[in-house]
Amino acid sequence: MVEQASALLAGLNPAQAEAVETTEGPVLVVAGPGSGKTRVLTHRIAYLIEERNVLPDQILAVTFTNKAAREMRARVDRLITGGAATGLVMGTFHSLGVRFLRQNPGAVADRLGLLPNFLIYDDSDQLALVKSAITAAGQDPKQLAPRRALSRISAAKGQLLTPSEAQAEAATHDDEVIARIYGRYQSMLRKANAVDFDDLLALPIRLFDESPGVLARYQERYRYILVDEYQDTNRVQYVLVSALSQKWRNLFVVGDPDQSIYGWRQADIRNILDFERDYPDARRIDLELNYRSTARIVAVADRVIRENSQRLDRKLRTENPEGSPVVLRELSDQNHEATFVVSEIRRLMRGQVSSGNDIAVMYRTTAQSRVLEEAFRTSDIPYRIVGGVRFYDRKEVKDVIAVLRLLHNPADDVSLERLIENHPVGRGIGPKALDAVRAWATERGVPTVDGFVALVPGSAPPLGGDSGPTVSGSARSAGQRLGAALAQLRESRGHLTLAALFDEVVERTGYRSAFDDETEEALQRWANVLELRADLERYDIVDPGEALATYLEQVALVSDVDTMADDGRGQVTLITLHSAKGLEFPVVFIAGVEEGLLPISRAVEAEFHDPLPMEEERRLFYVGITRAERLLYLTYAGSRQVYGRYQPGVASRFLASIPQDALQTLTRSFGGRPTSSRLADRVRGDGGGSGGGWSSPMPESAPPPRPEPLPDFAVGQRVFHAKFGEGRIAEVVDRPDDKELAVEFPRHGKKRLMASFARLDIIGES
DNA sequence: GAATGCATGGTTTTT
DNA sequence: CCATGCATTC
C-alpha cells in the first residue's frame with residue numbers, strides 16, 4: 001500500500017522532506033543560508049501535529065529571537081487545519097529559562113533562594129553590580145575594568161562553574177581575583193532577588209539537578225524538541241537541551257557552522273560539529289540548495305567562506321539565475337560612503353525596487369550607524385534602525401522603570417540607587433546616609449528601602465522597637481521624604497493600572513518637575529517618558545496583579561530585532577551584521593568593509609596567537625553576503641573618523657577572496673595603492689551617486705533574477721503572505737520568467753503581486 | 001552634599 | 001568625538 005503523501009511535504013525538495021518526515025530519533029540538519037530551514041522547521045512541527053497526532057504541547061521549539069518564535073508560530077498556525085497550535089511552546093533559551101523558573105516557584109525558592117518576584121538584571125544593572133562587587137572584594141574598579149570582570153564572570157557561568165569551582169580552577173592570581181569578585185557579585189545578585197542573563201540558563205539546570213522530579217516532568221512532556229541556530233548555542237544551552245531530550249531522544253537541531261558568530265558569547269561551534277559523536281544514531285541531513293540568492297551572490301559567499309579552516313567541507317549550490325554583479329565601491333570617507341548608500345538607494349527606488357522594506361544597510365559596529373542615520377535623516381527615504389540604543393535603555397525610560405522595578409521587588413538595590421541618583425526625591429541623600437540606612441536594614445534582614453520607610457515618623461518599625469536608622473539633619477529629612485513617597489507608591493501599586501501607577505510615580509518622585517524648564521531638549525526627553533506611558537497602557541488589559549511582573553519581564557527579554565516594527569511606509573533597515581542573522585532582503589549594502597572594522601581590529605591583533613576570532617569575522621561577512629537575494633553592494637572608505645580623528649582606511653582582506661568576474665568594481669585604488677587618492681577624493685567630494693565620473697553601478701537592463709523556483713500558483717488557491725496574511729488567488733497572469741498574481745486579502749483587499757517577489761506560501765486549494 | 005569644570009579613555013558584536 | 005568619572009569649589 002502506498003502511503004498518501006502529506007500535503008505538508010508538497011513543494012519540498014527531497015532533503016527538506018526527509019528532514020520533515022524523520023520525526024523519531026536525533027536529527028542534525030546542516031542548513032546552508034537560504035536553504036529553506038524555516039520552512040523545514042514549520043512544516044515539521046505541523047507534520048508532527050497533523051500526521052503523527054502529536055499534541056502541540058508535547059513539542060518544544062527553541063529559536064534565537066522572540067521575533068523568530070512569533071513568526072514561526074504564525075506560520076505553523078497557518079499550516080495546520082483547525083486554527084492555532086495551542087500549547088506549542090516556542091521561544092528563546094532565555095524566555096524558556098524564565099518559564100521553567102516561574103513554573104516552579106516552590107522549588108525555586110527552596111533550592112535556589114529566589115522569590116517569585118525576582119527581576120532580570122540587564123547589562124547596565126549587571127555592570128553597576130559588578131562594580132560594587134569589585135570594590136567589596138577590595139579591588140579598584142579603575143585597575144580592573146568592570147566590563148572585563150563581567151565578561152569573565154559570564155564566561156565562568158557559561159561553563160556552569162560556581163564561584164568556588166572557579167576559585168579552585170584559578171591558575172593565575174588574576175583568575176583568583178576574578179573568582180572572588182564573581183562570588184561577591186553572585187551573592188549581591190541573590191540578595192537583590194535578581195538574576196542575570198546567564199542565570200536564566202544556568203539556574204534551570206541547577207533546579208533540575210536539585211529537584212529531579214521537576215526535570216522528569218518536563219522530560220516526559222516534551223517528546224519532540226527542535227532547536228534553531230544550533231551553531232550559536234553555548235555549553236549551558238547544550239546541557240539544557242541534552243537533559244530535556246533524554247527520555248524521548250527526539251532532538252532535532254538545525255544550524256550552519258559557517259554562520260556561527262557568537263563565539264565571544266561562549267557559543268561553542270563544537271555543539272554542532274560534534275553532534276554526530278554525541279548521538280551516534282543521529283541522522284544527518286544537509287540542505288545545500290540555496291533558494292534565496294542569485295548565483296553570483298552564492299558564488300561570492302562560497303569563495304569567501306572557503307578560506308576558513310574550521311569548517312565542514314561543503315559547497316553552496318543554487319539553481320537561481322546568475323543575476324547582477326556584486327558592486328564594490330570605495331568612497332573617500334565615511335560621510336561619502338553614507339551619501340553614496342543613500343543616493344544609490346534613491347536611484348534603486350526610482351526603478352526596480354518598489355519599497356524600502358526590500359533594502360537593508362548592514363555594518364559591523366553600532367557606531368557606524370550614526371553617520372548613516374544622519375544621511376538618511378536629511379533624505380526623504382524612510383528608515384529604521386535596529387540596534388543601537390534600545391528604547392528601554394534610554395536614560396529617562398530607565399529612570400522611571402527603576403521605580404517600577406523597586407515597587408515590584410523591594411530588594412532591588414540597583415534600582416534604589418538609580419532612584420536616589422536621578423530623581424529629585426533622592427536629593428540630599430548621599431553615600432553616607434545610604435550606607436547608614438543599608439547597614440540598619442541589613443542588620444535586620446530587611447530590604448534597604450524599608451530603612452527609608454522606617455525613617456518616616458509614625459511608621460511602624462518592621463522589627464524591634466527602634467526609631468529607624470541613625471541619619472543626621474538634612475539627610476534625615478531627605479530620607480523621610482523618600483521613605484514617605486515610596487510608602488505611598490507601594491499603597492497605590494495594588495489597585496492602579498500601570499499607566500495610572502506611572503502618573504503617580506513621576507508625580508511622587510518629582511521626576512515630572514525635572515522637565516519643567518521648557519527647553520527643546522527637556523521637551524524631547526519628556527516625550528520619551530510619555531512614550532513609556534503609552535507602552536504601559538498596552539498592559540491595562542492584563543490582570544492588574546500580573547501586569548507589572550509581565551511588563552518587567554518583557555522589558556528585560558525583548559531584543560531589538562523583536563521590536564523591528566514595520567510602519568507600513570516602506571522603511572530601509574539599518575542593522576548590525578549580528579542582528580541581521582536570519583533575515584533576508586532583496587537588496588543589501590554592507591558598509592565599512594575595511595581592515596580594522598570587518599575584520600575588527602581586535603581580531604587582527606589576536607590573529608598572531610589565535611586565528612579563531614579572524615575566522616569568526618569572516619563568517620560574519622559571509623552572513624552579511626548571504627542575506628542578499630538579488631543585489632549586493634560592498635563599500636569601504638579610504639579614510640574614516642575614529643574617535644574624532646581621521647585614519648586611513650584599507651580595503652578588507654576578505655575582498656581579495658572575491659573573484660573579479662563576480663564584481664563590478666567602482667573604485668580606482670582597490671588592488672593597487674589602496675589609499676593614495678584619498679586626499680584628492682576628499683577635496684573633490686564625490687558624494688553623489690552619479691557624480692564623480694563613475695559609471696552607473698547597476699545597468700538598468702539587468703534582468704530581475706528569480707530567487708526561488710515558482711510554485712504552481714492557480715486561481716482559487718489559498719496563500720499566505722508575510723505582511724497581508726491569508727488570501728485567495730483571484731487571477732494569474734504569465735510573465736516572462738515570472739507570474740503576476742492578483743490576490744484577495746480579507747483585510748487588505750486585492751493586491752497585485754509578482755510571484756518571484758512576494759514569497760507566497762500555498763496553504764490550501766480553494 | 002551639589003554644581004561645575006577638566007581629564008580620561010573607549011567601540012566589536014547581544015539574549 | 002563624547003560620555004563618564006573625578007576633583008575642586010561653594
Side-chain angles (χ1 to χ4, degrees), chain A residues 62-69 91-98 120-124 126-128 131 141-142 145-148 150-151 154 157-158 195-201 229 232-234 236-237 260-267 334 362-371 386-390 393 395 420-421 424 426-434 471-475 477-479 553 555-562 575-581 592 596-606 613-614 616-617 619-621 623-624 640-647:
Chain A
V62 189
T63 57
F64 199 70
T65 63
N66 294 298
K67 178 173 178 254
T92 63
F93 273 105
H94 293 88
S95 65
L96 249 132
V98 176
I120 301 163
Y121 269 10
D122 70 14
D123 193 59
S124 66
Q126 291 173 42
L127 216 50
K131 223 173 127 184
K142 271 189 300 191
R147 259 263 89 87
R148 200 178 74 85
L150 196 56
S151 83
S154 177
K157 288 188 172 194
V195 300
D196 63 17
F197 279 117
D198 299 307
D199 284 342
L200 290 179
L201 308 175
E229 309 282 10
D232 284 321
T233 54
N234 65 19
V236 187
Q237 292 164 334
S260 161
I261 54 174
Y262 284 93
W264 52 276
R265 216 167 72 182
Q266 320 307 319
Q334 74 281 348
M362 302 178 185
Y363 36 82
R364 175 66 233 262
T365 66
T366 50
Q368 289 168 260
S369 68
R370 240 173 84 179
V371 184
V386 182
V389 181
R390 281 192 331 159
D393 287 340
K395 186 183 172 297
I420 291 172
E421 266 169 45
R427 293 249 172 87
I429 302 167
K432 258 179 76 185
L434 180 58
V471 185
S472 62
S474 65
S477 58
E553 195 158 298
V555 167
L557 292 179
V558 290
S559 72
D560 292 305
V561 189
D562 296 335
I575 192 168
T576 62
L577 287 164
H578 279 90
S579 296
K581 189 183 71 164
L597 224 40
L598 185 64
I600 198 87
S601 47
R602 275 175 132 97
V604 178
E605 288 154 19
M614 184 58 79
E616 183 154 309
E617 293 298 303
R619 291 194 292 268
L620 197 51
F621 187 41
V623 165
R640 182 176 297 271
Q641 221 173 356
V642 182
Y643 300 144
R645 290 200 112 73
Y646 274 93
Q647 296 191 345

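Only heavy atoms go into these numbers, but all of them, side chains included; no hydrogens, no water, no symmetry mates. Labels below follow one simple rule: chain letters A, B, ... track the order of the sequence lines, proteins then strands, and each chain is numbered from 1.
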List the protein contact pattern of nucleotides 1-10 of chain C with one symbol per nucleotide (5' to 3'): B for base contact, S for sugar-phosphate-only contact, - for none; contact means a heavy-atom distance under 4.0 Å.
-> BS--S-----

Just the table, please: protein N/O against nucleotides 1-8 of chain B N/O, every pair under 3.5 Å.
residue, atom, partner, partner atom, Å
B:dA2, OP1, A:G428, N, 2.3

Mind checking whether A:K157 and A:Q266 have side chains closer than 4.5 Å, heavy atoms only?
-> no

A:F621 atom CZ is separated from B:dT13 atom P, nearest whole Å, by 19 Å

Taking the same atom, C1', in B:dT12 and in C:dG5, what whole-Å distance lies between them?
-> 24 Å

When rounded to whole Å, the CZ to C1' distance for the pair A:F197 and B:dT14 reads 8 Å

Look at the rings of A:H578 and A:Y262 and say which category their plane angle falls in: under 30° parallel, 30 to 60° tilted, over 60° perpendicular.
-> perpendicular

Please state how far atom NZ in A:K157 lies from atom C1' in B:dT15, giving the value in whole angstrom units.
-> 14 Å

Spell out, as yes or no, whether a donor-acceptor pair under 3.5 Å connects the side chain of A:R619 to the backbone of A:S260.
-> yes

A:Q334 side chain vs A:Q641 backbone, donor-acceptor pair below 3.5 Å = yes

What integer distance in Å separates A:L127:CG from B:dT14:C1'?
-> 14 Å

Return the set of residues passing side chain to side chain contact (heavy atoms under 4.5 Å, CB included) with A:L96 (not counting sequence neighbours), or none when no residue passes.
-> A:L60, A:V62, A:F100

Are any of A:T576's side-chain N or O atoms less than 4.0 Å away from OP1 or OP2 of B:dT12?
-> no

Presence of salt bridge, A:E605 and A:R602, under 4.0 angstrom = no

pi-stack flag for A:W264 and B:dT12, centroid dist under 5.5 Å, interplanar under 30° | no

If only side-chain N and O atoms of A:T366 are considered, is one of them under 4.0 Å from the OP1 or OP2 phosphate oxygen of B:dT13?
-> yes

Give A:F93 one of three labels, base, sugar-phosphate or nothing, depending on what nucleic acid heavy atoms sit under 4.0 Å from its own.
-> nothing

Over 12 non-hydrogen atoms of neighbours within 6.0 angstrom of NZ in A:K432 | no

Taking CG from A:N234 and P from B:dT14, how many angstroms apart are they, rounded to a whole number?
-> 17 Å

Phosphate-side-chain proximity, A:R602 and B:dT12, N/O vs OP1/OP2 below 4.0 Å = yes

So, A:E617 side chain and A:I600 main chain: donor-acceptor pair closer than 3.5 Å or not?
-> yes

Would you call A:D198 and A:R265 a salt bridge, taking side-chain N to carboxylate O under 4.0 Å as the test?
-> no

Atom OH of A:Y121 and atom P of B:dT15: how far apart are they, to the nearest Å?
-> 21 Å

Heavy atoms under 4.0 Å, any strand shown: does A:S95 hit a base, just sugar-phosphate, or nothing?
-> nothing

Rounded to whole Å, CD of A:E616 lies from P of B:dT13 at a distance of 13 Å

Please state how far atom CD in A:Q368 lies from atom P in B:dT12, giving the value in whole angstrom units.
-> 13 Å

Option from A:D232, A:T576, A:T65 for which side-chain hydrogen bond (donor to acceptor under 3.5 Å, both in side chains) with A:K581 holds = A:D232

